[in-house]
2 protein chains.
Amino acid sequence: MNDVIESHAFLNEAPLSKQDFEAAIRAVGAERYHDKHPFHKLLHGGKLNKDQVRAWALNRYCYQEAVPRKDAAFMSRAHDRELRREWIHRIHDHDGLGDEAGGIERWLVLTDGLGLPRDYVISRRGALPATKFAVEAYVRYVVEQPLVVAVASSLTELFAPAIHRERIAGMLENYDFVDDHVMAYFKRRLSQAPRDADFALEYIKQNALSRPEQEACIEAVRFKCDVLWAQLDALHHAYVTPGVIPPGAYQPGQSFP
Amino acid sequence: MNDVIESHAFLNEAPLSKQDFEAAIRAVGAERYHDKHPFHKLLHGGKLNKDQVRAWALNRYCYQEAVPRKDAAFMSRAHDRELRREWIHRIHDHDGLGDEAGGIERWLVLTDGLGLPRDYVISRRGALPATKFAVEAYVRYVVEQPLVVAVASSLTELFAPAIHRERIAGMLENYDFVDDHVMAYFKRRLSQAPRDADFALEYIKQNALSRPEQEACIEAVRFKCDVLWAQLDALHHAYVTPGVIPPGAYQPGQSFP
């Protein structure tokens, strides 16, 4: 792990200006964010059938479910109380707090709307192994990398509002089994993600001071894009082309014991 | 790690009744909780000077500071959202939430009252290495042990209210540099600890079903008592008898650069 900082690349180079550092982070999204994946084009364009949308939603549940564990793992490493006090609202956003049910509950409203039994979704039994490997790699990354790199890996949130807006519009227009109610998760994220991304961007600008640290942060955003992209590759392979579903994974039309 | 579950001890024995299981947990406190340590007798009996109380407070800060990281580490391993939603209030109790400052802030009010600079306390520079090793061993234990065993390791809270009441009364009576304001941490814990202990006790009763699992939970309480006891041994050795202070640790009368 931690390849970039430990390598000799950039060791003798001056730090990027804060402006160039931010531009380099944003360039990763332009090149690698999963809005460019063909599966998302199909999803948002109404080209998937209900079973394929189900497969997407129940696999993506694994990612949703990993995020608060990832954020708790981050907090478990942070000695700075103010940083923890800021970061904890990410867990509240996903798990809810008191009467607020949180993002995972809103995701389950989506899978409810698609006719998937909650127990089945929550069990992650029907998810693709590649999905689970990818999201747990993200949790481990946050456990193992320097804190500033762990913060940087959250910065795909910079690119999220655009895809969420495209998804809300496309799915509402194109699928008769999707309505405002089941899309509530994405609507809420339109306001949550920018707040988080602003904080994280400011944090890495203040704390990644050397060029190797900056490059490690840029690499973290590439890594995170890989985590997101790999999930769509697995979905596309299993449920679109060639459509070879791994043993144990969700089968269109299956019953739910 | 995880010696008891992996050993063959108790493998063929029937589970304890819930009542006997709870009694075995409570018996660990009666035998091993740090209310029995001679350092606490000195502390609560007014037998320490202000420098010795300072040493206690700045070392114990390391434990306070580790607890929310320990709780975040626990949450990072919990797939059960309801369990995370319950557990997170422990982090709120220590780190605060919004306008509520939290237990670590209350601890710093205590170290303020003792005339220790906050930066020095928070840096943990002057803490004994044995203190830091002990509290970080607790964080690692919660990362590495089965979840139910990790829950059990919190159960020294069953024994905390008695020592807190003794401490509040004893320190207020015996030290002119201690007042109600600086003892606020312990007063708050009188109501927080029992709630947490009740939940944890119920959780292990419901989730440690085999005898080896139950024994691992009992062992977890012993482990946690060791974590607390080791901190007092180190304090006693450095600041009471023989009074040999390790290099770098807080020195009575030192200046704070």
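Model, not experiment: these values are computed from the prediction. Numbers restart at 1 for each chain; the letters A, B, ... are given by sequence-line order, proteins then strands.
- Proximity to chain B among residues 66-76 of chain A is limited to A/Pro68, A/Arg69, A/Ala72, A/Ala73, A/Met75, A/Ser76, judged by heavy-atom separations below 4.5 angstrom.
- Using a 4.5 Å cut-off on side-chain heavy atoms (C-beta onward), B/Leu97 and A/Leu97 make contact.
- Contacts of A/Glu82 with chain B are absent, with no heavy-atom separation under 4.5 Å from either backbone or side chain.
- The CZ atom of A/Arg85 sits 10.0 Å away from atom CD1 of B/Ile104, with the distance rounded to the nearest 0.5 Å.
- Using a 4.5 Å heavy-atom cutoff, the side chains of B/Ile88 and A/Asp95 are not in contact.
- With a threshold of 4.5 angstrom between heavy atoms, B/His89 does not approach chain A through any atom at all.
- Among the candidates B/His79, B/His94, B/Glu65, B/Glu105, the residue making the largest number of heavy-atom pairs closer than 4.5 Å to chain A is B/His79.
- Only the side chain of A/Glu136 comes within contact range of chain B, with heavy atoms under 4.5 Å apart.
- Within residues 177-203 of chain A, no residue approaches chain B closer than 4.5 Å by heavy atoms.
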